Amino acid sequence: MTYKHSKSLDITKDFILPCRKDELDSIKEFLPIENPDFDGSFSTHQLLYGTQGNRIYLIGLGEEKHNSQLEKTFQKLAFETQKYWNKNIQVYAENLTEDDIKKAVIGLKMAQYAIGEFKSKKEKTNKITVSFTSSKTIKNVLNEGKYTGETINRIKALVDSPPNIKTPEFLGKWAEKSAKDTDYKCSVLKHKELKKQGFEAVLSVGKGSVNKPVVIITEYTPKKSKKIDIALVGKGITFDSGGLSIKPSTNLHYMKSDMGGAAVVLGVVELIAKLKLDINIVGIVCSAENAVDAESYRPGDVINSYSGKTIEIIDTDAEGRLVLADGLSYAVKNIEPEYLIDLATLTGSVVRTLGYEAAGMFTHNEEMAKTMSEIGYKVHERVWQLPMFEEYKSDLHSDIADLRNFSGKPLTGATNAAQFLESFTEEHKNWIHLDIAGVSFGSSPYAKMKSASGYGIQLITEFIKSKI
Ligand code: BES
Ligand code: ZN
Ligand code: ZN
């Protein structure tokens, strides 16, 4: 699907006519009948035929509160009806803001996502050109929407990929190709290099798998100054069996999605590079498979870490915080970024707390929290701040090592995980941890099983834009 701008609407050809709730008057001139069965409710659509037998899709944008998720209404229309579309279709965009148009393109692009990548017979897709008709200049917005939607689809494909294919090394190759295609730097640290540099926590988590761990470092630095504005760190567990503290088998297949944080980091760096934004960013992905084997790390082990802090392993299923610990230490020691953000499908606890509607946000920086929260509402990828009270910290005490990876209690799990991470940030003033376990993967109207949501791309990209 390609997107272009045209100045005027040809009402004899197919077109999409967006309309806000109870504002039919604003598009009356284009309607072939006086009273269509349509009131502009959010995410509804109604097909009418024009005088030339051309299709007119009325689509409902709902009320102002729906603006943040406008892509959904375009995604739904395209998903349900694009098989009937001709080569060209127009969108009447005169009444849309720039943000609306961007969301519209994102939604149309998201409807192109092909979840059945591994089916032997592929569904064939039509080549469609969508012309947005507006008297304003909207070329940049169309581009931004296209790249954003494309990146969302690319990271969804990664998260939905099966774990036998999506190994840590595969993620490394994905990043290398992306970096080459989009012109940014990427290095993939493999076993020997990880050992040399002391990524001991990453290595411990990955010990039980034949698919060896990697750390991926991507770098987009267009500015003269080499100072890194923002570093992103992502949890890239390509399959989380729980390790020797093995998980129950129900829904275990969904643990292929435990690299959702890594996918956001890889996607955002690619998108920022495609948009050529004037900001220096580094993305760090710590990737391993948490598997069961004679070589696996055990509960009771004491392991080392990049920071030099020793960790007593209580539960091998609390592996995400271990790989992130090394990623965060690496960032504060070597990158010294102005802002430090990590994203991870870290705890079941955050899913029980916030369900599927918001990521858990942890930080001591209230200004950053406010910005992140506002952007979350704006793009409908919401975050909700959870506490980091001092008192909870005693849960991480170990008698024999510097700290332990789990309290052993069924309480405050997401906070404990966040505070574990905090121990590796060297009190970085501008650090935020986002626990995206509930939002990165879930039910959708477009698949029978759970699948990737694409959460995080718009949130983090807009956050980065707010710091330019
Ligand atoms: N990958 C899981 C967290 C998770 C749960 C992600 C549900 C997506 C959906 C993580 O590694 C994990 O197993 N966490 C444990 C930690 C516990 C053993 C301390 C949890 O939250 O139960
Ligand atoms: Zn786990
Ligand atoms: Zn995990």
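Remember, it's 1-based here, ligands and their atoms both numbered in the order they're listed. Just so it is clear, the values below take in all heavy atoms, side chains as well, and ignore hydrogens, waters and symmetry mates. For clarity, every value in this text was computed on a predicted model and none was experimentally measured.
Put simply, D317 stays out of reach of the Zn ion (ligand 3), with no N, O or S atom under 2.8 Å from it.
Atoms of ligand 1 lying under 4.0 Å from at least one heavy atom of A437, given by number and element, are 6 (C), 8 (C). Near R321, meaning under 4.0 Å from one of its heavy atoms, ligand 1 places the atoms 16 (C), 19 (C).
More than 12 non-hydrogen atoms from other residues, nucleotides or ligands lie less than 6.0 angstrom from NZ of K333.
Contacts between R352 and ligand 1 below 4.0 angstrom, taking non-hydrogen atoms only, are absent altogether. With a 4.0 Å cut-off on non-hydrogen atoms, T347 touches ligand 1 through its backbone as well as its side chain.
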Problem - Pair S178-E270, side chain to side chain contact (heavy atoms under 4.5 Å, CB included): steps then yes or no - result: CA-CA 7 Å; S178 162; E270 176 177 290; 2.7 Å; yes

Practice task
Run the numbers on R20 and E64 for salt bridge (Lys or Arg N to Asp or Glu O under 4.0 Å), then give the verdict.
Solution key: CA-CA 8 Å; R20 299 202 187 264; E64 206 184 320; over 6 Å; no

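The NZ atom of K235, the Zn ion (ligand 3) and the OE2 atom of E319 define an angle of 90° (nearest 10 degrees).
At under 3.5 Å, not a single nitrogen or oxygen of D315, backbone or side chain, sits near a nitrogen or oxygen of ligand 1. Residue contacts with ligand 1: D240 is placed with a nitrogen or oxygen under 3.5 Å of a nitrogen or oxygen of the ligand (distance criterion only). In terms of N/O distances under 3.5 Å, ligand 1 is approached by G348.
Here Y113 and Y446 keep their ring centres 6.0 angstrom or further from each other.
Residue-level check: among N/O/S atoms of D258, OD2 sits closest to the Zn ion (ligand 3). Closest approach between the Zn ion (ligand 2) and any N/O/S atom of D240 involves OD2.
In this structure, K21 is not positioned above the aromatic face of F42 in the sense of NZ or CZ being under 6.0 Å from the six-membered ring centre and within 45° of the axis.
Under a 4.0 angstrom heavy-atom cut-off, K235 registers as being in contact with ligand 1.
Taking a cutoff of 4.0 Å between a charged side-chain nitrogen and a carboxylate oxygen, E374 and K370 qualify as a salt bridge.
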